[in-house]
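The chains referred to below are lettered A, B, ... by the order of the sequence lines, with proteins before strands, and numbering in each begins at 1. Computed from a prediction, not measured in an experiment: that's the story for all the values here.
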Amino acid sequence: MLDKNYNPQDWEEKIYKHWEENGCFRPSMDKTKDPFCIVIPPANVTGVLHMGHALDYTLQDILIRYNRMRGKNVLWQVGTDHAGIATQMVVERNLAKQGISRHDLGREKFIETVWKWREESGGTICRQLRRLGASCDWSRERFTMDEGLSRAVRKIFVNMYKDGLIYKAKKLVNWDAKFMTAVSDLEVIQKEAMGKMYYYRYPIEGEKGNFVQIATTRPETMFGDTAVAISKDNEKLKHLIGKNCIIPIIDRVIPIIADDHADPEKGTGAVKITPAHDFNDFEVGKRHNLPLINVLNPDATLNENTPFAGMTTAQAREATIAKMDELGLMDKIEDHPMVIPYGDRSGVVIEPMMTDQWFVDAPKLAVEAIKKVEDGEVEFLPKTYEKTYFEWMRNIQPWCISRQLWWGHQMPIWYGPDEHIFCEENEEEAKAAAKDFYGHEVELRRETDVLDTWFSSGLWAFSTLGWPDKTEFLDTFYPTSVLVTGFDIIFFWVARMMMMSLYAMKKIPFNTVYLHGLVRDEHGHKMSKSKGNTVNPIEMIDTYGSDALRFFMAAMETQGRDINMSEARVAGYRNFATKLWNAARFGEMNEIDFAAELDEKEVSGQINRWIIAKAKVMTKEVSRNLDNFRFSDAANAVYQFVWGDFCDWYIEMSKPVLYGEDGKAKAETKAVFAWVLRRIMIVLHPFMPFITTQIWNDLGLGKGELMLHEWCKDEAIDVSAQKSVDWVIEVVSQIRSLRSEMNLPVGAKLKAYLQGADVAKGYLADMSKIICALARLEFLQISEEEATKDMVKVVTSDGVVLLSLQGVIDFAAERERLAKELAALEKNLQAYEAKLNNPAFVERAPEKIVAEEKRRRQEALDKKQKIEDSLNKIKDL
RNA sequence: GGGUGUGUAGCUCAGGUGGUUAGAGCGUUACGUUGACAUCGUAGAGGUCACAAGUUCGAGUCUUGUCACACCCACCA
């Protein structure tokens with residue numbers, strides 16, 4: 001028995017528990033079935049579910065459930081990510097509240113703390129995933145730092161190192177001074193800001209009173225300058241090339257060199273070169289063999305190579321310009337718009353810094369990863385993102401994978417006493433290798449750096465399936481079917497997965513990449529905590545039910561475009577669920593046997609045949625759209641069917657039968673009702689798994705099954721009832737419209753006579769009762785009698801309905817209505833005439849289109865005639 | 001500087017290969033508790049599809065240009 005009200009809170013969680021406990025999400029591992037696999041984009045293990053997750057996981061669950069129902073062997077591989085920097089940051093922040101730094105604890109103790117914290121808060125996102133109804137296989141849940149995945153990381157690392165794809169190098173890298181680690185290019189975000197351009201002079205060596213003027217945004221780095229560059233095409237300044245100048249304050253002599261990096265049009269045309277703290281200058285330095293002078297400490301304060309050791313860059317900047325001013329070398333300071341790099345996680349300014357780091361030879365790995373997409377082996381949806389991918393991949397730089405953090409995969413690198421590198425999967429093997437190398441046992445020191453989080457994420461498609469072991473799952477499900485993720489991590493994750501998977505597996509990781517957009521707030525602004533415009537999906541679920549939120553996501557998902565959050569719309573889909581709930585209750589109240597089988601061939605009622613056909617068409621449409629990742633089209637097709645076709649029309653049209661005396665018709669309608677409701681539950685289940693299951697079970701539609709697991713096969717569709725029922729809908733709608741426009745009293749029972757309706761005649765016996773009920777007529781009968789004065793015509797596509805309005809008609813209003821209708825018709829008619837009188841159209845347009853146009857014109861002419869008749873008749877009254 | 005996307009009803013958005021009178025949800029107006037549902041029903045109002053030119057028998061849809069907005073990449077000493 002269904003409750004009177006739709007209260008999803010009462011049973012959604014129970015249903016999920018039931019599914020999970022009964023292993024409903026495990027793959028069948030039936031070898032005769034096609035495999036279908038999605039690896040979940042691993043969420044931060046200590047994170048909480050946000051709207052982006054809700055969208056991402058809903059889309060995946062829809063695909064997973066749909067394919068599971070279609071009988072495939074389906075695995076949704078679930079797991080979480082250790083999220084190196086993000087997690088370490090949170091734990092450090094927590095420690096800071098107690099006045100403890102990670103260094104107070106030491107590395108081992110700190111990592112222990114992080115693991116403990118993961119234990120405490122790690123379950124949240126997985127619990128929330130369950131609230132959303134995500135049908136992933138929890139028995140196979142993985143974590144990027146678990147034993148198996150760590151082994152995969154070490155193995156890949158060693159292989160890549162030995163293949164020369166990972167190497168150590170001293171390079172200028174993006175340095176995050178807050179976490180005191182290198183970060184990759186992708187973790188740096190450029191922000192525009194108004195800064196200052198400082199103009200000052202360096203004296204020319206040996207030429208008293210002669211200077212070279214420099215423009216810089218970073219005066220404090222001048223202590224790291226090792227040259228001044230001027231373009232050899234700079235007519236005004238090229239005479240200085242070859243001379244030396246003196247860095248004031250520290251009085252160090254540096255050369256003035258010729259380099260095209262110095263654009264004569266920009267600044268003063270002379271550029272200070274600081275190879276250790278600027279990517280461009282680094283290149284200049286390389287070309288001219290300039291020394292590198294590091295002027296910063298790891299925490300971005302100035303070091304002892306400067307007179308301002310210990311100061312922050314901001315303080316040092318002030319101090320530098322003050323000193324320059326004092327020396328009379330400061331010329332001017334101008335406002336200057338500039339772009340400043342910030343760490344995406346730390347929010348502090350990123351400094352280019354010379355350090356020893358580890359790199360993946362991404363340019364080499366990219367070759368194959370580009371080719372697979374070019375060749376169409378991997379397809380991006382929407383297709384336009386392939387361009388983005390190519391653009392980035394073709395310009396890819398070596399990927400800096402080392403992080404000076406503690407939380408993460410410590411690199412499997414050991415150093416001998418002479419710093420010789422041993423890269424092995426574990427310490428024993430490293431020791432053995434070292435013994436071989438040195439001829440005797442030595443003490444090894446392990447590399448302290450850990451790997452970029454995305455390194456392990458990059459292995460996700462195969463490491464979660466068991467690699468490096470040869471497992472049945474790897475064999476069955478790799479390559480995975482589709483990857484569903486946000487476009488914002490194409491570079492971070494998709495591209496890396498492509499490269500790493502192709503390296504490790506020699507096969508693509510997935511056939512299709514479906515990229516969705518961001519979930520924004522209702523006005524299209526990006527959600528952020530600082531703006532306070534975030535919407536919590538769990539609150540949405542608490543208020544409206546998981547199904548409503550899921551359906552919202554599906555219905556809004558079009559071609560990967562951003563989605564604007566709208567609580568009103570979620571509420572609307574809750575209403576949709578309520579509607580469905582009540583439709584099911586309607587069936588229950590009419591004592592329908594939901595377990596009964598239906599022989600479709602035996603169905604004779606027009607309306608019953610109509611709804612069956614409609615349901616089949618809808619099913620086909622949903623299948624087709626899901627096959628093509630057209631989520632909103634799929635969702636809208638079923639929505640429209642349930643609310644429009646089924647609730648608004650079928651149920652209403654069934655009432656006269658269900659409340660009537662004809663036992664045979666009643667039985668048929670009940671059986672068809674059950675059939676349609678079952679069909680709705682099936683097709684809707686991927687979108688709204690909870691309510692469909694609840695109704696399914698309560699009504700006994702599934703004969704005791706735990707979860708809907710059967711989709712509909714290809715089926716023949718009998719559309720022969722379409723025309724007649726469409727006509728009924730047309731007549732009812734028109735009469736209702738007329739009643740409203742003529743302001744007829746609500747209770748006025750009208751008499752109606754049908755004329756010239758050839759199609760309708762055949763089944764009027766079936767339909768008249770229904771039309772009467774829905775249009776609130778006293779009776780409807782066929783009559784060829786001439787219309788009387790107090791009758792009004794309703795012109796339909798198949799004949800005329802005369803309504804007897806004795807005593808209720810307002811002729812003035814009716815005249816007005818007819819005149820309006822006539823005017824509209826006239827306009828259409830003109831358009832048809834114009835078209836058909838155009839020889840170009842008649843000659844060139846396809847025959848079908850021309851015929852259609854002619855038909856429309858005829859229809860309009862007939863209608864016009866009928867309206868004019870009516871108008872003439874009431875003119876005199 | 002290079003690239004991508006967007007501009008359709010008051011709001012938020014749909015409109016694969018050009019072809020009926022351009023749709024939905026919310027909001028809004030009028031009416032309505034008719035034996036599933038007021039988390040509802042019925043009917044209505046509301047759009048020169050950003051602008052301009054072009055291709056075409058025919059353009060919301062294709063081409064070019066203009067304007068506005070959003071995002072991505074690179075860079076500005």
Taking the [atom1] atom in each of [N] and [M], what is the distance between them to the nearest angstrom?
N: B/A50; M: B/U61; atom1: P; answer: 8 Å
N: B/G54; M: B/G58; atom1: C1'; answer: 15 Å
N: B/U8; M: B/G60; atom1: C1'; answer: 7 Å
N: B/C51; M: B/U33; atom1: P; answer: 45 Å
N: B/C11; M: B/G7; atom1: C1'; answer: 15 Å
N: B/G47; M: B/G23; atom1: P; answer: 14 Å
N: B/U55; M: B/C69; atom1: P; answer: 32 Å
N: B/A45; M: B/C26; atom1: C1'; answer: 16 Å

Item checked: Given B/U20, B/U39, B/C40, the nucleotide with the shortest approach to the side chain of A/K579 ->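 Selected nucleotide (nearest to the side chain): B/C40.
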
Below 4.0 angstrom from OP1 or OP2 of [N], is there any side-chain N or O of [X]?
X: A/Y832; N: B/U21; result: yes
X: A/N280; N: B/C75; result: no
X: A/W643; N: B/U39; result: no

Check the distance between [N]'s [atom2] and [X]'s [atom1] and give it to me in whole angstrom.
X: A/Y639; N: B/G25; atom1: OH; atom2: P; answer: 6 Å
X: A/K383; N: B/G16; atom1: NZ; atom2: P; answer: 19 Å
X: A/F641; N: B/A24; atom1: CZ; atom2: C1'; answer: 18 Å
X: A/Q559; N: B/G16; atom1: CD; atom2: P; answer: 9 Å

Just checking [X]: base, sugar-phosphate only, or nothing, at a heavy-atom cut-off of under 4.0 Å?
X: A/K272; value: nothing
X: A/D633; value: base
X: A/A824; value: nothing
X: A/P846; value: base
X: A/E386; value: nothing
X: A/N628; value: nothing
X: A/Y659; value: base
X: A/R394; value: nothing

Considering only distance and modelled atom types, tabulate donor-acceptor pairs under 3.5 Å from the side chains of residues 487-496 of chain A, sequence neighbours left out.
from	atom 1	to	atom 2	distance (Å)
A/W493	NE1	A/S457	O	3.0
A/R496	NH1	A/F492	O	3.1

Would you tabulate the nitrogen or oxygen pairs shorter than 3.5 Å linking the protein to nucleotides 3-12 of chain B?
from	atom 1	to	atom 2	distance (Å)
B/U4	OP1	A/K387	NZ	2.7
B/U4	O3'	A/T384	OG1	3.3
B/U6	OP1	A/R561	NH1	3.1
B/U12	O3'	A/N564	ND2	2.5
B/U12	O2	A/R569	NH1	3.3

Margin query: If you go through the side-chain atoms of A/Q397, does one of them form a donor-acceptor pair with the base of B/A74 closer than 3.5 Å?
Written below: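 When only heavy-atom distances are counted, A/Q397 does not reach the base of B/A74 through any donor-acceptor pair under 3.5 Å.
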
Notebook entry, point to check: Is there a donor on the side chain of A/R574 or the base of B/U39 sitting less than 3.5 Å from an acceptor on the other?
Noted result: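 Present.
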
Between the protein and nucleotides 44-46 of chain B, which nitrogen or oxygen pairs come in under 3.5 angstrom?
from	atom 1	to	atom 2	distance (Å)
B/G44	OP1	A/S737	OG	3.0

Next item on the list: Could you provide the dot-bracket string of RNA chain B, using ( ) for intrastrand pairs, [ ] for crossing pairs and | for bases paired to another strand, with Watson-Crick or G-U pairs below 3.5 Å?
Entry: (((((((..((((.....[...)))).(((((.......))))).....(((((..]....))))))))))))....

Next item on the list: Specify the residues of residues 581-589 of chain A, ordered by number, for which at least one heavy atom lies under 4.0 angstrom from an atom of RNA chain B.
Entry: A/N582, A/A583, A/R585, A/F586, A/M589

Notebook entry, point to check: In residues 212-224 of chain A, what residues come within less than 4.0 Å of RNA chain B, judged by heavy atoms?
Noted result: A/A215, A/T216, A/T217

Note to self: Main chain of A/I691, side chain of A/D547: is a donor-acceptor contact present, judged purely on distance under 3.5 Å?
What the structure shows: yes

